[in-house]
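Working notes for the structure below.
Owing to the predicted nature of the structure, the values given are computational and were not obtained by experimental measurement.
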Amino acid sequence: MSRDTNVGAGVAAGLLGAICFGFIPVFGKPALEQGLSPMCILAYRFTLAAIVLGLFLKVRRVNLGIPLRDISTMLLLAVYYCVSGGCLMLGYEYMSGGVTGVIHFSYPVFVLLILLLFFRERIRVSSAVAIVIAGAGIYCLGVLGGDAAFIPGANRVEGVLVVVLSGVGYAAYLVGVGKGRAQQYDSLYLTFWILVFTAAAFIALAGARGELVLVTDTVTMLNFVGIAVVSTVIANVLVVYAVKTVGSTMESILSAMEPATSVVMCIILFDEKLNLPIIAGIALIFIAVAIVVTRSSKS
């Protein structure tokens with residue numbers, strides 16, 4: 001296969017992977033509307049995803065054993081992943097799925113902040129500008145968006161903080177993967193163990209809160225399978241392939257399809273509304289992320 005063909009396949013995989021991630025609210029919101037808690041939904045999502053990915057790796061004859069010395073690393077990464085996934089799902093109880101996805105997608109800016117604050121990496125003027133623009137975008141979505149962005153009666157400030165925390169959690173997860181011992185592991189192997197620990201955490205949380213219930217409704221179970229297979233396993237596999245083929249910078253650009261997909265699908269399926277502040281907020285966040293990606297590509 002020629003290099004051009006590989007690049008084309010990598011771009012296609014990156015776009016499709018981002019689109020798959022963008023379907024999280026499509027599968028998640030109907031389950032919330034059935035009265036299931038975010039903790040219960042996440043327990044099902046990550047348990048099913050871990051089983052599917054584990055079977056996939058077994059078919060490939062991958063050794064799934066984990067050294068005891070690395071369990072603490074895996075657990076810490078799982079904590080970050082739990083914060084990200086939990087707050088993202090909780091965000092759907094405050095605001096529209098599309099807006100939630102866009103705010104969450106500001107995580108590249110938080111990656112930059114973490115590297116600056118904890119690893120003493122120098123920050124450029126362009127990066128500072130990106131942070132300010134992202135903050136303005138979040139303000140437009142969370143404060144100026146009005147009723148079109150929020151569930152009636154929801155606490156706006158609390159909702160925005162919850163979803164911002166989901167982005168911070170994912171940023172911490174990415175930095176942990178890139179800066180620690182996790183670098184030595186195959187991406188799929190690492191993802192499997194993160195899913196296992198994350199599933200265990202949400203099963204425990206849902207059980208402790210009395211929210212872990214047996215789901216017998218066919219439609220809800222299909223949504224669980226969808227979010228586990230499409231928006232967790234397939235999405236991660238495609239993104240990993242894209243990163244190895246076209247590089248992380250290109251994949252970061254392609255991942256802009258994730259929030260765009262969330263917004264479009266939520267408008268189509270859930271009749272969510274757009275107004276000028278929401279459009280402005282979405283545009284500002286995309287601009288901020290584009291600045292960060294462009295800055296990284298020139299480093």
**Request:** Assess whether side-chain contact (heavy atoms from CB on, under 4.5 Å) is satisfied between Ile71 and Leu68, documenting all intermediate values.
**Result:** CA-CA 5 Å; Ile71 290 180; Leu68 290 177; 3.6 Å; yes

**Asked** Can you list the residues that meet the ring pair (Phe, Tyr, Trp, His ring centres under 6.0 Å) rule with Phe110, with sequence neighbours excluded?
**Response** none

**Asked** Could you give the distance from CG (Leu64) to CG (Leu188), rounded to the nearest 0.5 Å?
**Response** 11.0 Å

**Request:** Quick one: pull up CZ in Phe197 and SG in Cys82 and give me the separation to the nearest 0.5 Å.
**Result:** 11.0 Å

**Item:** Min side-chain heavy-atom separation Glu93-Val162 under 4.5 Å
**Value:** no

**Asked** In Å, rounded to the nearest 0.5 Å, how long is the span from CG of Leu48 to OG1 of Thr232?
**Response** 9.0 Å

**Linked, directly or transitively: Val62 and Ile66 (ILVMFWY side chains, under 4.5 Å)** = yes

**Distance (rounded to the nearest 0.5 Å) between Leu284 CG and Ile279 CD1** = 12.0 Å

**Prompt:** Are Ile203 and Leu205 linked, directly or through other ILVMFWY residues, by side chains that come within less than 4.5 angstrom of each other?
**Reply:** no

**Request:** Quick one: closest heavy-atom pair of Phe192 and Leu57, and the distance?
**Result:** CB-CD1, 3.7 Å

**Request:** State, with a plain yes or no, whether a side-chain heavy atom of Val219 is found less than 4.5 Å away from one of Pro30.
**Result:** no

**Request:** Report yes if the side chains of Tyr92 and Ile24 come closer than 4.5 Å at any heavy-atom pair, otherwise no.
**Result:** yes

**Message:** Grouping I, L, V, M, F, W and Y whenever their side-chain heavy atoms are under 4.5 Å apart, do Leu75 and Tyr170 come out in a common cluster?
**Reply:** yes

**Item:** ILVMFWY clustering at 4.5 Å (side-chain atoms), partners of Ile51
**Value:** Leu55

**Prompt:** Can you pull the ring pair (Phe, Tyr, Trp, His ring centres under 6.0 Å) pairs that have at least one residue in residues 59-82, sequence neighbours excluded?
**Reply:** Phe46-Tyr81, Tyr81-Tyr173

**Message:** If hydrophobic clusters are built by linking Ile, Leu, Val, Met, Phe, Trp and Tyr wherever their side-chain heavy atoms come under 4.5 Å apart, do Leu238 and Val59 end up in the same one?
**Reply:** no

**Prompt:** Does a side-chain heavy-atom distance below 4.5 Å link Leu77 with Leu190?
**Reply:** yes

**Complete:** Using a 4.5 Å side-chain heavy-atom cut-off and chaining through intermediate ILVMFWY residues, the residues clustered with Leu222 come out as none

**Item:** CG on Leu32 to CD1 on Ile41, rounded to 0.5 Å
**Value:** 3.5 Å

**Message:** Checking Tyr44 now: which residues fulfil ring pair (Phe, Tyr, Trp, His ring centres under 6.0 Å) with it, not counting sequence neighbours?
**Reply:** Phe224

**Request:** Specify the closest pair of heavy atoms between Ile227 and Met89, including all atoms of both residues, with the distance to one decimal.
**Result:** CD1-CE, 4.0 Å

**Sub-4.5 Å side-chain heavy-atom contact between Leu212 and Met39** = no

**Fill in**
Distance col, row Ser166:OG vs Leu161:CG, nearest 0.5 angstrom, shows 11.5 Å

**Message:** Quick one, Thr47 and Phe202 - any side-chain contact, counting heavy atoms below 4.5 Å?
**Reply:** no

**Asked** Which pairs pass side chain to side chain donor-acceptor pair (under 3.5 Å) with one or both residues in residues 206-219, sequence neighbours excluded?
**Response** Ser37-Glu211, Arg209-Glu211, Asp217-Thr220

**Message:** For residues Phe21 and Phe270: do they belong to one hydrophobic cluster (side chain heavy atoms under 4.5 Å, members Ile, Leu, Val, Met, Phe, Trp, Tyr)?
**Reply:** yes

**Candidate pair Asn223 and Arg45, rule side-chain contact (heavy atoms from CB on, under 4.5 Å), full reasoning** = CA-CA 9 Å; Asn223 278 321; Arg45 173 191 176 185; over 6 Å; no

**Message:** If I compare all heavy atoms of Ala49 with all of Val233, which pair ends up nearest, and what's the gap?
**Reply:** O-CG2, 3.4 Å

**Asked** How far apart are the closest heavy atoms of Pro25 and Gly22, and which atoms are they?
**Response** CD-O, 3.4 Å

**Request:** Give the minimum heavy-atom separation between Ala134 and Val109, together with the two atoms involved.
**Result:** CB-CG2, 4.0 Å

**Asked** Of all heavy-atom pairs between Cys20 and Ser231, which one has the smallest distance, and what is that distance?
**Response** O-OG, 2.7 Å

**Request:** Verify side-chain contact (heavy atoms from CB on, under 4.5 Å) between Val175 and Phe119, making sure each step is shown before the conclusion.
**Result:** CA-CA 10 Å; Val175 172; Phe119 295 91; 3.5 Å; yes

